[in-house]
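Inspection log for the structure reproduced underneath, given as structure tokens.
Residue numbers count from 1 along this sequence. Keep in mind it's a predicted model, so treat the numbers as computed, not measured.
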Amino acid sequence: MGKLMITGKAEREVCYDVVELTVTFYNDDKNSSDAIDTVIRQSENFLSIITSKGADISKIRMDEDSLERSSRYDDKRRSSARRSFTLRTAFDMKFINSISQIIRNENFNAEIDYDYLLSNKEEIHKELLKEALDDSRKKAEMIAETVGEKITGIDEMKHESIATNIKYREFERG
């Protein structure tokens, strides 16, 4: 009788199916009201354009609104206004490209940040854990069989972020 410690592996290529686009409008100006006005005007115009193209306004959240005043080396004060929106939507490259094109065509002072995600990450993770467990079981059975023994069950299972390690119960003579 003895114990085996086997590491199971599972891999899968998956495609992102969700994108979060964060669009940040910004403007620097001599006074704060002009900086704010430009950011508000551009961001409202942007929202109007993308909702007219089918974007769901309920899936757009406002992230940041800020105004900062700073002194420059020549003692002239400047104001910086920023406003950010995040839109979470199904991955659609045509739509993603259209957002960039709107910003260019309208000459908006804006930056875009893209975050690609999986909508079913937990489900995929569970499936991969099952596959890794099955892989380690097959390996353990193959090893036990070569020495004329039989696996009777799992004694201990350890899940790490990258791999699932399983210790099988003592094996019996076959």
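The 12-atom threshold is not exceeded at CD of Glu145, counting heavy atoms of other residues, nucleotides or ligands nearer than 6.0 Å. By the neighbour-count criterion of 12 heavy atoms within 6.0 Å, atom OH of Tyr16 is sparsely surrounded, having that number or fewer from other residues, nucleotides or ligands.
Met142 and Ile151 fall into different hydrophobic clusters, where Ile, Leu, Val, Met, Phe, Trp and Tyr side chains are chained together by heavy-atom contacts under 4.5 Å. In this structure, Leu129 is not a member of the same hydrophobic cluster as Val14, with clusters built from ILVMFWY side-chain heavy atoms closer than 4.5 Å. Note on Ile112 and Ile96: same hydrophobic cluster, where clusters join Ile, Leu, Val, Met, Phe, Trp and Tyr whose side-chain heavy atoms are under 4.5 Å apart, directly or indirectly. Met93 and Leu117 are assigned to two separate hydrophobic clusters, defined by single-linkage of ILVMFWY side chains at heavy-atom distances under 4.5 Å. Cluster membership for Leu118 and Tyr114, using ILVMFWY side-chain heavy atoms within less than 4.5 angstrom, is shared.
Nearest approach of Asn31 to Ser33, heavy atoms of both residues: OD1-OG, 3.1 Å. When all heavy atoms of Val23 and Ala110 are compared, the closest pair comes out as CG1-CB, 4.1 Å. Heavy atoms only, all atoms of each residue included: Val18 and Ser119 are closest at CG2-CB, 3.7 Å. Between Ile6 and Ala140 the shortest heavy-atom distance is CG1-CB, 3.8 Å.
Using a cut-off of 4.0 Å between Lys/Arg side-chain N and Asp/Glu carboxylate O, Asp37 and Arg41 are scored as not salt-bridged. One finds no salt bridge joining Glu122 and Lys126 here, because no Lys/Arg side-chain nitrogen approaches an Asp/Glu carboxylate oxygen to under 4.0 Å. With respect to Lys139 and Asp135, a salt bridge is recorded, a charged nitrogen being found less than 4.0 Å from a carboxylate O.
Between Leu128 atom CG and Leu133 atom CG the span is 12.5 Å, to the nearest 0.5 Å. In this structure, Gln101 CD and Asn97 CG are separated by 8.0 Å, a value rounded to the nearest 0.5 Å. The line from OG1 of Thr146 to CD of Glu141 is 12.0 Å long, rounded to the nearest 0.5 Å. Taken from CG in Asn45 to CD1 in Ile40, the straight-line distance is 13.5 Å, to the nearest 0.5 Å. Distance CG/Asn109 to CG/Asp28: 8.5 Å, rounded to 0.5 Å. The SG atom of Cys15 sits 13.0 Å away from atom OH of Tyr116, with the distance rounded to the nearest 0.5 Å.
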Begin with the C-alpha distance, continue with both residues' side-chain angles, and end with the deciding distance and a verdict on side chain to side chain contact (heavy atoms under 4.5 Å, CB included) for Asp115 and Thr22.
-> CA-CA 8 Å; Asp115 196 9; Thr22 301; over 6 Å; no
Steps toward side chain to side chain contact (heavy atoms under 4.5 Å, CB included) verdict (Thr24, Phe85) = CA-CA 6 Å; Thr24 303; Phe85 295 100; over 6 Å; no
Verdict with supporting geometry, Lys130 and Asp134, salt bridge (Lys or Arg N to Asp or Glu O under 4.0 Å) = CA-CA 6 Å; Lys130 286 178 185 177; Asp134 188 49; over 6 Å; no
Given the rule in the side chain to side chain contact (heavy atoms under 4.5 Å, CB included) test, do Val19 and Thr89 qualify, once you have shown the distances and angles that lead to the verdict?
-> CA-CA 6 Å; Val19 64; Thr89 187; 3.7 Å; yes
Determine, step by step, whether Ile60 and Thr86 satisfy the side chain to side chain contact (heavy atoms under 4.5 Å, CB included) criterion, reporting the C-alpha distance in whole Å, the side-chain angles of both residues, the deciding distance to 0.1 Å, and the verdict.
-> CA-CA 6 Å; Ile60 300 171; Thr86 297; over 6 Å; no
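Using a distance-only test at 3.5 Å, with no hydrogens or angles considered, no donor-acceptor pair links the side chain of Asn120 to the main chain of Glu123. Under the 3.5 Å distance criterion, the side-chain polar atoms of Asn27 are left unmatched by any main-chain donor or acceptor of Thr38. The backbone N or O of Ser32 lies less than 3.5 Å from a partner atom in the side chain of Ser79, making a donor-acceptor pair. Between the Glu106 side chain and the Phe46 main chain, no donor and acceptor come within less than 3.5 Å of each other.
Contacts of Phe108 classified as ring pair (Phe, Tyr, Trp, His ring centres under 6.0 Å), with partners at least two apart in sequence or in another chain: Phe25. Annotation: salt bridge (Lys or Arg N to Asp or Glu O under 4.0 Å) contacts of Asp65 (sequence neighbours excluded): Arg83. When the salt bridge (Lys or Arg N to Asp or Glu O under 4.0 Å) test is applied to Glu111, the partners found at least two apart in sequence or on another chain are Arg82.
Cluster partners of Tyr26: none. The rule joins Ile, Leu, Val, Met, Phe, Trp and Tyr whenever side-chain heavy atoms lie under 4.5 Å apart, and it links nothing here.
Sorted by first and then second residue, the salt bridge (charged side-chain N to carboxylate O under 4.0 Å, His left out) pairs with a member in residues 42-62 read Arg61-Asp63; sequence neighbours excluded. Here salt bridge (charged side-chain N to carboxylate O under 4.0 Å, His left out) pairs that include residues 12-24, with residues two or more places apart or in two chains, are Arg12-Glu127, Arg12-Glu131, Glu20-Arg88.
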